[in-house]
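Each chain gets a letter, A, B and so on, in the order the sequences are listed, and its residues count up from 1.
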Amino acid sequence: MEEINEFIKNSNEVGKKIFAFIEELFPICRSITGNGVRETMGMIKNHIPLELHEVKSGTKVFDWTIPKEWNIKDAYIKNSKGERVVDFKENNLHVMNYSVPVHKSMTLEELKPYLHTIKDHKDRIPYLTSYYSENWGFCMSENKFEELIEDKYEVVIDSSLEDGSLTYGEYYIKGELEDEILFSTYTCHPSMCNDNLSGVALITFIAEALSKIKTRYSYRFLFAPETIGSITWLSRNEDKLKNIKMGLVATCVGDGGMKNYKRTKFHDAQIDRIVEKVLMHCNDKYFIADFFPWGSDERQFASPGINLPVGSLMRSCYGFNGYHTSADNLSYMSIEGLSDSYKTYLEVIYTIENNKTYLNLNPKCEPQLGKRGVYRMIGGGSDYPFDEFAMFWVLNMSDGKHSLLDIAYKSNMDFKRIKYAADTLYKVGLLKMV
Amino acid sequence: MEEINEFIKNSNEVGKKIFAFIEELFPICRSITGNGVRETMGMIKNHIPLELHEVKSGTKVFDWTIPKEWNIKDAYIKNSKGERVVDFKENNLHVMNYSVPVHKSMTLEELKPYLHTIKDHKDRIPYLTSYYSENWGFCMSENKFEELIEDKYEVVIDSSLEDGSLTYGEYYIKGELEDEILFSTYTCHPSMCNDNLSGVALITFIAEALSKIKTRYSYRFLFAPETIGSITWLSRNEDKLKNIKMGLVATCVGDGGMKNYKRTKFHDAQIDRIVEKVLMHCNDKYFIADFFPWGSDERQFASPGINLPVGSLMRSCYGFNGYHTSADNLSYMSIEGLSDSYKTYLEVIYTIENNKTYLNLNPKCEPQLGKRGVYRMIGGGSDYPFDEFAMFWVLNMSDGKHSLLDIAYKSNMDFKRIKYAADTLYKVGLLKMV
Amino acid sequence: MEEINEFIKNSNEVGKKIFAFIEELFPICRSITGNGVRETMGMIKNHIPLELHEVKSGTKVFDWTIPKEWNIKDAYIKNSKGERVVDFKENNLHVMNYSVPVHKSMTLEELKPYLHTIKDHKDRIPYLTSYYSENWGFCMSENKFEELIEDKYEVVIDSSLEDGSLTYGEYYIKGELEDEILFSTYTCHPSMCNDNLSGVALITFIAEALSKIKTRYSYRFLFAPETIGSITWLSRNEDKLKNIKMGLVATCVGDGGMKNYKRTKFHDAQIDRIVEKVLMHCNDKYFIADFFPWGSDERQFASPGINLPVGSLMRSCYGFNGYHTSADNLSYMSIEGLSDSYKTYLEVIYTIENNKTYLNLNPKCEPQLGKRGVYRMIGGGSDYPFDEFAMFWVLNMSDGKHSLLDIAYKSNMDFKRIKYAADTLYKVGLLKMV
């Protein structure tokens with residue numbers, strides 16, 4: 001698995017590519033269904049062999065029903081001079097997502113209940129949705145709203161809401177083991193970056209990296225609309241859940257904020273311990289939040305009838321300044337943040353792949369390391385050609401029950417240091433894998 | 001149980017009534033036996049249908065024996081001018097409780113070994129007792145003591161110590177369940193307020209409130225002399241102990257100090273978790289003390305052969321400035337403190353009554369709350385007509401094993417918030433009680 | 001076991017004797033084998049009836065082999081004027097321990113690779129060893145090294161490295177129980193005091209003290225070279241390990257630094273709890289370190305195939321300023337530190353010996369202490385002739401499962417206070433030992 005370290009070394013370069021991919025995806029108007037999602041999936045397929053699924057409107061998925069498919073060509077509010085004062089083509093957030101078709105002439109007074117703004121941030125367009133009740137509306141900046149004058153407006157939403165299907169994509173990499181690791185991200189948000197083109201683009205590049213190497217675990221990458229998408233996948237794949245040993249939801253991974261890990265509901269599941277160990281030794285500030293049952297798709301994975309240990313490794317968590325508004329645009333992204341997210345996800349995968357458990361084959365007292373050539377020759381000197389401190393921890397704790405991660409925790413050493421010490425001891429025949 | 005909230009709303013008014021009741025009880029000279037106790041019981045019976053018990057002197061109660069009954073009519077030290085320099089009628093603390101009859105003429109020198117004062121607080125009369133060894137004495141302020149001159153004093157204690165009985169009172173409210181909650185308070189202290197007329201009066205009004213409503217649990221209220229009284233009750237009711245699920249000893253609940261909870265010996269029993277949750281959300285300072293095996297009757301309930309989870313919810317704990325002296329008088333009481341103690345005890349009872357455990361009937365992923373009318377209709381907006389955060393916690397954790405209290409702890413939300421969310425979900429058929 | 005308290009009272013006097021013994025042992029050149037060790041053992045035998053063992057060179061002990069025996073008569077570097085510029089007779093640290101015989105004429109340039117100094121502390125001679133690879137060298141101060149001029153030097157090490165044996169000593173005291181307590185210290189270091197003549201001398205006097213009294217536990221005192229010695233003992237005594245309930249490695253116990261306890265690998269073994277309780281109440285600063293698998297012989301006892309709960313109670317831990325150099329000499333010792341180490345080890349032994357578990361024979365409510373004469377007679381007074389607080393703790397927790405140490409922890413009282421309360425209760429028949 002040392003190839004992962006090669007990817008990590010290259011993370012600065014990959015960060016730039018991830019940003020470029022976000023730029024490419026940004027203009028598309030996505031929703032929980034529709035052609036915007038399909039177009040997005042097509043662009044992901046340029047990187048990885050994504051398998052696409054279409055689930056028909058009306059299909060029951062647990063307690064939910066796949067809604068009609070929504071598509072939109074154009075939308076605007078035109079004043080009596082024929083000027084578009086609100087224009088979907090300028091920013092797709094201008095239309096409340098899933099708005100039904102509208103073509104009306106309205107006074108400002110009639111129109112106002114359908115106009116949404118943010119009073120506290122007058123320059124931002126809010127992002128609103130109405131997936132499950134038929135409604136329509138326009139979102140606009142408070143500044144623009146205040147400029148509106150009494151007039152007769154032509155209000156047009158050229159959308160369709162019809163039987164169709166919900167689209168999701170899946171990419172599965174078979175490893176040595178049936179045990180699998182799930183990475184899930186959501187593809188339903190229109191032109192916003194941290195939430196969540198950053199997650200989509202990051203997972204695309206993580207998957208692309210893993211596609212190039214042999215792995216011990218199997219990996220599953222899921223690209224689906226939030227909530228309804230993960231529910232759909234879970235309802236159609238209950239037989240696969242037993243293989244999923246852990247997972248992460250990737251969202252909000254692209255800004256310059258500090259890393260932020262939201263634990264699984266189990267609080268100290270294997271994935272929690274792995275991510276937290278990586279963060280502890282990242283030489284950077286970070287934040288660890290206990291599980292809470294709102295947020296993103298970890299909610300579905302954590303529901304009491306599913307109970308999968310899935311955390312979420314983010315940067316600035318949803319709710320950041322600009323969240324769900326037009327301020328979450330390309331300028332909010334940080335190439336350094338994207339690079340670091342890529343690196344951190346790979347460090348997590350490195351730890352997952354290498355977290356083995358060994359048995360000390362010489363358990364009675366310490367073995368004589370010197371005669372095996374892995375110990376300094378002059379006692380009392382300050383020359384330490386081998387990492388005897390890490391080796392002593394591995395020897396002391398390798399009773400077949402403690403994993404390398406356990407040893408890394410107990411010793412306060414980073415995982416790789418322990419892993420390399422175990423490699424040394426394994427090479428000279430002092431350890432057996434269990 | 002929402003009637004309890006009505007009582008809580010009314011706590012300021014009730015606080016005044018509790019204080020008035022303390023004023024009424026204050027002048028009576030009580031002890032561990034005798035007519036002062038019977039008179040006190042009679043006044044409690046004006047509020048609740050107390051069942052009285054008399055246990056004869058000489059009766060064995062576990063390791064102890066009910067002592068002779070003590071009564072007192074008068075006591076004084078008269079100087080040669082015929083002036084009462086110490087007078088029981090002025091303050092019943094002047095006589096060491098359980099003093100045997102005395103009628104003597106004594107010099108000051110002879111008298112001194114029988115006079116007790118507090119050197120550090122010259123204006124306070126100490127409260128002393130000698131229940132189990134025949135003795136007599138007078139307690140007085142150091143100031144008065146210093147005024148005593150050489151003289152021939154007439155020393156009179158007109159008391160009786162004869163076979164009789166120990167009196168205790170009990171009030172049992174039958175609820176839906178056999179499981180019962182114990183509230184215990186002690187009735188043996190003469191004219192002192194925080195310790196413990198406050199406890200006696202508070203429990204009287206709590207019992208009175210519960211007598212007016214239907215409860216899920218059964219409730220037992222015990223009014224008995226400290227130590228010997230709880231031992232007596234325990235020795236005569238061992239068959240009932242299995243029903244007692246938790247309890248509180250009410251003492252020192254009437255002053256203006258901050259609330260103070262002394263945990264059960266089990267440290268995290270149900271009652272501990274309930275009281276602490278109530279305190280956490282009380283918007284006021286409080287103090288939590290680990291169990292220690294001295295103090296009040298929780299000692300007996302916590303003895304290794306009894307092992308009941310009984311805590312003690314107080315304000316300024318025994319040992320406060322003025323404790324066991326004449327300074328613990330009516331002026332030490334705070335109507336605000338009494339009201340708040342009443343409110344807090346009721347909040348505890350509310351939590352006990354409503355701490356149910358549910359099963360999420362739609363455990364696989366989240367249910368669609370919107371179609372049941374208990375979710376906001378526009379996604380991304382800031383309008384939260386329903387408490388979705390609390391509902392998500394309840395749904396996520398209601399696996400039939402976690403109670404609402406467990407969910408309140410995990411979510412850091414107050415119990416009522418979780419309870420109301422559960423009510424909403426129950427109404428739309430998403431929860432089943434277990 | 002109250003005789004131990006007599007020894008403790010006398011610790012200041014014993015501290016002086018321990019220092020005198022260190023002075024006596026200081027000049028001898030010890031190593032992991034050889035006559036210096038035998039001479040040391042002989043001097044210990046003046047105090048306690050040590051049983052000596054010789055294990056032949058070439059004997060396999062677990063993964064290791066007993067090396068050839070090393071002895072040395074003289075060693076020096078002489079300049080062309082015939083002056084000894086480095087002289088073993090002046091300080092035996094001048095020769096790298098286990099140096100093979102040498103007799104050569106060398107230029108300064110040829111000699112330099114064999115000369116070892118400490119750049120940061122120019123006046124100190126380092127202590128180096130080469131037990132397991134044949135080598136030779138001289139250690140000297142950087143100051144002396146800098147004075148060396150171009151010259152033809154006569155280099156002599158008059159040592160022998162031949163088949164012989166490794167020497168260790170053992171002293172076993174049979175107590176009432178088969179269960180035994182291990183004290184281990186190492187005898188291989190030449191003229192250095194804190195590391196580890198302090199440990200050797202302390203254990204000698206501790207053993208001498210215990211030899212004079214009857215003990216409940218059996219005690220085993222082990223004097224052996226570090227690493228190879230404890231490995232040798234363990235490999236030859238595997239059948240005895242089941243009896244060893246706990247132990248301490250005594251090293252670095254003689255300076256003026258604060259007490260420092262290195263926990264066993266089990267973190268909260270009985271010995272950890274005992275030592276930490278003693279330290280908590282020592283009215284002095286101390287330090288508690290979690291286990292780490294390097295250091296001294298606790299490493300061997302903690303190896304996964306041995307797994308004995310052995311901690312190490314030190315003062316300034318190995319690595320102190322001057323460690324493994326000529327600065328660790330007699331002037332580094334503190335008689336006060338030695339006395340305090342002696343006292344502390346005895347407090348630990350006192351706790352081990354007296355940590356019994358009792359059953360409260362009157363478990364239902366409190367027993368009436370007054371009628372047994374071990375309670376104050378006037379209630380409410382401030383006269384406490386008996387330690388009722390400690391007695392209440394013992395009564396409350398003596399359910400046959402909690403030891404006196406458990407009670408001392410829970411009550412935050414020192415062990416002796418709880419022990420004396422238990423003695424009082426035992427005398428009046430309220431406790432039974434389990």
Side-chain angles (χ1 to χ4, degrees), chain A residues 357-404 406-413 417-418 421-422 424-426 428-434, chain C residues 31-32 60-65 67 93 96-98 116 118-120 126-137 139 188-189 192 195 226-235 238 241 265 267 290-295 297-308 318 323-325:
Chain A
T357 300
Y358 291 95
L359 188 69
N360 177 345
L361 294 171
N362 186 86
K364 292 180 179 175
C365 298
E366 288 169 5
Q368 194 177 359
L369 297 176
K371 72 183 185 190
R372 292 176 177 84
V374 292
Y375 198 73
R376 65 198 148 102
M377 296 318 290
I378 294 182
S382 57
D383 177 31
Y384 296 99
F386 303 97
D387 188 354
E388 60 187 68
F389 301 105
M391 287 194 291
F392 283 154
W393 273 115
V394 173
L395 287 168
N396 186 274
M397 291 187 66
S398 287
D399 54 4
K401 287 172 209 148
H402 293 91
S403 70
L404 295 186
D406 294 333
I407 301 172
Y409 264 98
K410 184 78 186 171
S411 66
N412 280 322
M413 291 177 178
R417 187 172 172 191
I418 291 297
T424 302
L425 293 166
Y426 184 80
V428 298
L430 285 168
L431 296 182
K432 174 172 103 173
M433 210 182 301
V434 293
Chain C
S31 182
I32 55 172
K60 284 283 288 178
V61 289
F62 291 141
D63 189 54
W64 302 61
T65 306
L93 297 182
M96 179 192 279
N97 209 294
Y98 255 69
H116 303 275
I118 304 169
K119 292 260 181 301
D120 285 349
Y127 163 55
L128 297 181
T129 66
S130 185
Y131 301 137
Y132 301 105
S133 70
E134 297 205 352
N135 198 346
W136 64 271
C139 301
C188 52
H189 283 39
M192 286 173 296
D195 180 27
E226 205 174 12
T227 306
I228 186 74
S230 56
I231 292 171
T232 300
W233 185 85
L234 285 164
S235 75
E238 282 197 77
L241 304 189
K265 70 184 275 195
H267 185 90
D290 242 337
F291 178 77
F292 47 90
W294 51 89
D297 288 323
E298 66 279 1
R299 290 152 51 174
Q300 312 310 329
F301 299 123
S303 60
I306 303 293
N307 265 340
L308 287 177
Y318 24 83
Y323 170 68
H324 273 196
T325 75

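Counting only distance, with no hydrogens or angles, the side chain of Glu366(A) and the backbone of Gln300(C) share no donor-acceptor pair below 3.5 Å.
Asn396(A) touches chain C through backbone and side chain together, each having a heavy atom under 4.5 Å away. For Tyr98(C), no part lies under 4.5 angstrom from a heavy atom of chain A. Of the two parts of Phe62(C), only the side chain, counted from C-beta on, holds a non-hydrogen atom closer than 4.5 Å to a non-hydrogen atom of chain A.
The minimum heavy-atom distance linking Gly305(C) with Lys364(A) is given by the pair O-CG, 4.0 Å. Of all non-hydrogen atoms in Ile306(C) and Cys365(A), the two that sit nearest each other are CG1-N, 3.8 Å.
Note on Ile118(C), Asn97(C), Leu234(C), Asp63(C): by heavy-atom pairs under 4.5 Å with chain A, the leading option is Asp63(C). Put simply, of Lys410(A), Met397(A), Arg372(A), the one with the most heavy-atom pairs under 4.5 Å next to chain C is Arg372(A).
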May I have the step-by-step check of side chain to side chain contact (heavy atoms under 4.5 Å, CB included) for Phe392(A) and Arg299(C), ending in yes or no? CA-CA 9 Å; Phe392(A) 283 154; Arg299(C) 290 152 51 174; 3.5 Å; yes
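Counting only heavy atoms from C-beta outward, the side chains of Tyr132(C) and Gln368(A) approach each other to under 4.5 Å.
Distance check, rounded to the nearest 0.5 Å: CH2 of Trp393(A) to CZ of Phe292(C) gives 9.0 Å.
The environment of Lys371(A) atom NZ is dense: over 12 non-hydrogen atoms of other residues, nucleotides or ligands sit within 6.0 angstrom. For CD of Glu238(C), the number of neighbouring non-hydrogen atoms (other residues, nucleotides, ligands) closer than 6.0 Å is greater than 12. Within a 6.0 Å radius of OH in Tyr375(A), more than 12 heavy atoms belonging to other residues, nucleotides or ligands are found.
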